[in-house]
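First comes the structure, then the notes that go with it.
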Amino acid sequence: MDDVLKKLAECVEYGKINKVSPFPPNMKGQDGAEEITKQLLEAGVEASEVLEKSLIVGMSKIGVKFRENKVFVPQVLMAAKAMSTSMEQLKPLFAEGNNSRKGLFVIGTVEGDLHDIGKNLVAMMVEGNGYEVIDLGTDVNADAFMEQVEKTPHCVLGLSALLTTTMVNMEKIVKEVKTRYPEQKICVGGAPVNQDFCEKIGADSYNPDPQGVVEFLDNMEPNINRKLMASSQRLVE
Ligand code: B1M
């Protein structure tokens, strides 16, 4: 089965969605993420193994290539589409509770800001790397973030902003959330955001790209990760 898991990782990395998909041209006519995921599950491979050995591997590779400017947004979107196609088959199995995910990440573009392409890329990359993701969408205010924290304590929050004018709202959200939930971990990103700004507003982490967010989540203290897993487990129960 290792070869099949490897093949699925390649489908994700190169954005091969299914057999009829013409992209990428050099994989035309071959099985894609949809067919290979089905084969793996029918053969009895655990959903968590498919996630870890195929989806995470493929998404990590594309994330690194994107950071190094070796691929661009369209290729990442195709990889994310292949990953989502596979995830559609895995999600019901995660919901059954036999398979665990690494934690829970809640993301939104901040109040006043409607840009969602970068935020969606971050969400897809984080999901493809083994986390449960709740996407609150765009124009999300502090109350909406706090409402979600109430429902899913110990999630990590991700705030995205694309406008210099909405960075101010990012600051407001971080302050309000941290005032009510001082332990809440918050990471920030988006084109106008930088490390200095992150420190100034009291957020926990600035990451310039989706892969950075994945690495931040993966490197969190073990006790926080455990809480994340517990929280994620509560979510599926
Ligand atoms: Co807008 N826009 N836009 N826009 N727009 C920019 C951002 C702008 C730089 C264009 C310009 O003037 N050159 C400019 C901002 C200027 C500034 O503030 N300094 C701008 C403006 C001014 C505006 C309006 C105000 C225009 C107007 O109406 N007068 C308006 C605002 C609307 C609003 O939000 N209230 C507006 C509207 C729009 C559209 C609706 C037309 C459209 C958005 C469509 C959509 O998102 N569904 C749009 C677009 C497409 C852009 C540009 C062209 C592209 C943005 C984009 O998607 N980039 C942009 C100019 C540009 O960047 N060339 C521009 C691709 C995306 C993959 O990158 O989002 O940076 P990005 O995400 C990256 C990283 O930043 C990071 O990872 C992603 C992948 O690497 N990242 C995170 C993002 N979030 C992260 C979170 C993290 C970590 C990393 O942790 C949580």
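Note that ligands are numbered from 1 as they come in the structure, with each ligand's atoms numbered from 1 the same way. Reckoned from all heavy atoms, side chains included, excluding hydrogens, waters and symmetry mates. What you see is a predicted model, and the numbers here were worked out from it, not measured in a lab.
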Legend entry - Polar proximity ligand 1 side, L114 side, N/O cut 3.5 Å exclusive: yes

Inset, instruction - Ignoring hydrogens, tell whether any protein atom lies closer than 4.0 Å to atom 87 (C) of ligand 1; use the non-hydrogen atoms only. - result: yes

Legend entry - Nearest protein heavy atom with distance in Å, relative to atom 43 (C) of ligand 1: H115 CD2, 3.6 Å

Inset, instruction - Using the salt bridge (Lys or Arg N to Asp or Glu O under 4.0 Å) rule, take K175 and E171 through it: C-alpha gap first, then chi angles, then the decisive distance, then the call. - result: CA-CA 6 Å; K175 292 227 158 88; E171 179 168 13; 3.0 Å; yes

Inset, instruction - Tell me, please: is S205 in heavy-atom contact with ligand 1, that is, under 4.0 Å? - result: no

Legend entry - Heavy-atom donor-acceptor pair, Q89 side chain to E34 backbone, under 3.5 Å: yes

Legend entry - Sub-4.0 Å heavy-atom approach of F66 to ligand 1: yes

Inset, instruction - Considering only non-hydrogen protein atoms, determine which one is nearest to atom 81 (N) of ligand 1 and report residue, atom name and distance to 0.1 Å. - result: G190 N, 3.6 Å

Legend entry - Which of the ligand 1 atoms, numbered from 1, are nearer than 4.0 Å to a heavy atom of P208: 74 (C), 76 (C), 77 (O)

Legend entry - pair E111-K172: side-chain heavy atoms closer than 4.5 Å: yes

Legend entry - Protein contact of atom 44 (C) of ligand 1 - nearest heavy atom, named by residue and atom, plus distance: I117 CD1, 4.3 Å

Legend entry - Intermediate values then yes/no, side chain to side chain donor-acceptor pair (under 3.5 Å), Y181 and E150: CA-CA 9 Å; Y181 306 101; E150 282 282 337; 2.4 Å; yes

Inset, instruction - May I ask you to test the D135-K119 pair for a side-chain heavy-atom distance under 4.5 Å? - result: yes

Inset, instruction - Mark whether atom 5 (N) of ligand 1 lies under 4.0 angstrom from at least one protein heavy atom. - result: yes

Inset, instruction - Kindly determine whether Y14 and V71 satisfy side chain to side chain contact (heavy atoms under 4.5 Å, CB included), including the steps that lead there. - result: CA-CA 10 Å; Y14 296 105; V71 297; over 6 Å; no

Inset, instruction - Just do the side chain to side chain contact (heavy atoms under 4.5 Å, CB included) check on F145 and I186 with the steps written out, would you? - result: CA-CA 11 Å; F145 278 110; I186 306 177; over 6 Å; no

Legend entry - G158 neighbourhood, listing ligand 1 atoms whose heavy-atom distance to it stays under 4.0 Å: 91 (C)

Legend entry - L77 side chain near N120 side chain, heavy-atom distance below 4.5 Å: no

Inset, instruction - Quick one: look up the protein heavy atom nearest atom 35 (N) of ligand 1 and list residue, atom name and how far away it is. - result: G112 O, 3.0 Å

Inset, instruction - Report, in ascending order of atom number, the atoms of ligand 1 lying under 4.0 Å from any heavy atom of D113. - result: 34 (O)

Inset, instruction - Take atom 53 (C) of ligand 1 and look for protein heavy atoms under 4.0 Å from it; say yes if you find one, no if not. - result: no

Legend entry - 4.0 Å heavy-atom contact, P210 with ligand 1: yes

Inset, instruction - Report yes if S160 has an N/O atom closer than 3.5 Å to an N/O atom of ligand 1; otherwise report no. - result: yes

Legend entry - Test item: M59 and I62 side chains (from C-beta on) under 4.5 Å apart, heavy atoms: yes

Inset, instruction - Determine if the distance from atom 39 (C) of ligand 1 to the closest protein heavy atom is below 4.0 Å. - result: no

Inset, instruction - Pick, from V122, V193, V76, L159, the option with the minimum heavy-atom distance to atom 91 (C) of ligand 1. - result: L159

Legend entry - Any side-chain donor near an acceptor of the partner, Q148 and T152, under 3.5 Å: yes

Legend entry - Heavy atom of protein closer than 4.0 angstrom to atom 29 (N) of ligand 1: no

Inset, instruction - Mark whether atom 78 (C) of ligand 1 lies under 4.0 angstrom from at least one protein heavy atom. - result: yes

Legend entry - Minimum side-chain heavy-atom gap E13-K65 below 4.5 Å: yes

Legend entry - Check: C187 N/O within less than 3.5 Å of ligand 1 N/O: no

Inset, instruction - Look at atom 18 (O) of ligand 1 and say which protein heavy atom is nearest, naming residue and atom and giving the distance to 0.1 Å. - result: T164 N, 2.9 Å

Legend entry - Of L157, I201, T179, D204, the residue whose pairing with V174 passes side-chain contact (heavy atoms from CB on, under 4.5 Å): I201

Legend entry - Full working for side chain to side chain donor-acceptor pair (under 3.5 Å) between E35 and Q39: CA-CA 6 Å; E35 293 82 11; Q39 287 160 26; over 6 Å; no

Legend entry - ligand 1 to N207 polar contact by distance, N or O atoms, under 3.5 Å: no

Inset, instruction - Starting from atom 67 (C) of ligand 1, find the nearest protein heavy-atom neighbour and note its residue, name and distance. - result: L121 CD1, 3.6 Å

Inset, instruction - Give a yes-or-no answer on whether the side chains of Q30 and K7 include a donor-acceptor pair shorter than 3.5 Å. - result: yes

Legend entry - Best match, V106, L162, V156, T165: closest heavy atom to atom 55 (C) of ligand 1: L162

Inset, instruction - For atom 47 (N) of ligand 1, grab the closest protein heavy atom and report residue, atom and distance to one decimal in Å. - result: D116 OD1, 2.7 Å

Inset, instruction - State, yes or no, whether a side-chain contact exists between K151 and E147 at a heavy-atom distance under 4.5 Å. - result: yes

Inset, instruction - Please indicate, with yes or no, if any protein heavy atom is found under 4.0 Å from atom 74 (C) of ligand 1? - result: yes

Legend entry - Option nearest atom 20 (C) of ligand 1 (shortest heavy-atom distance, choices I186, V213, L163, D209): L163

Inset, instruction - Check whether any side-chain heavy atom of V64 lies under 4.5 Å from a side-chain heavy atom of R67, and answer yes or no. - result: no

Inset, instruction - Could you tell me whether the side chain of L90 reaches within less than 4.5 Å of the side chain of T37, counting heavy atoms only? - result: yes

Inset, instruction - Just jot down the ligand 1 atoms closer than 4.0 angstrom to any heavy atom of A191, in number order. - result: 70 (O), 75 (O)

Inset, instruction - Would you verify that at least one protein heavy atom lies under 4.0 Å from atom 59 (C) of ligand 1, or report that none does? - result: no

Legend entry - Identity and separation of the nearest protein heavy atom to atom 68 (O) of ligand 1: G118 CA, 4.4 Å

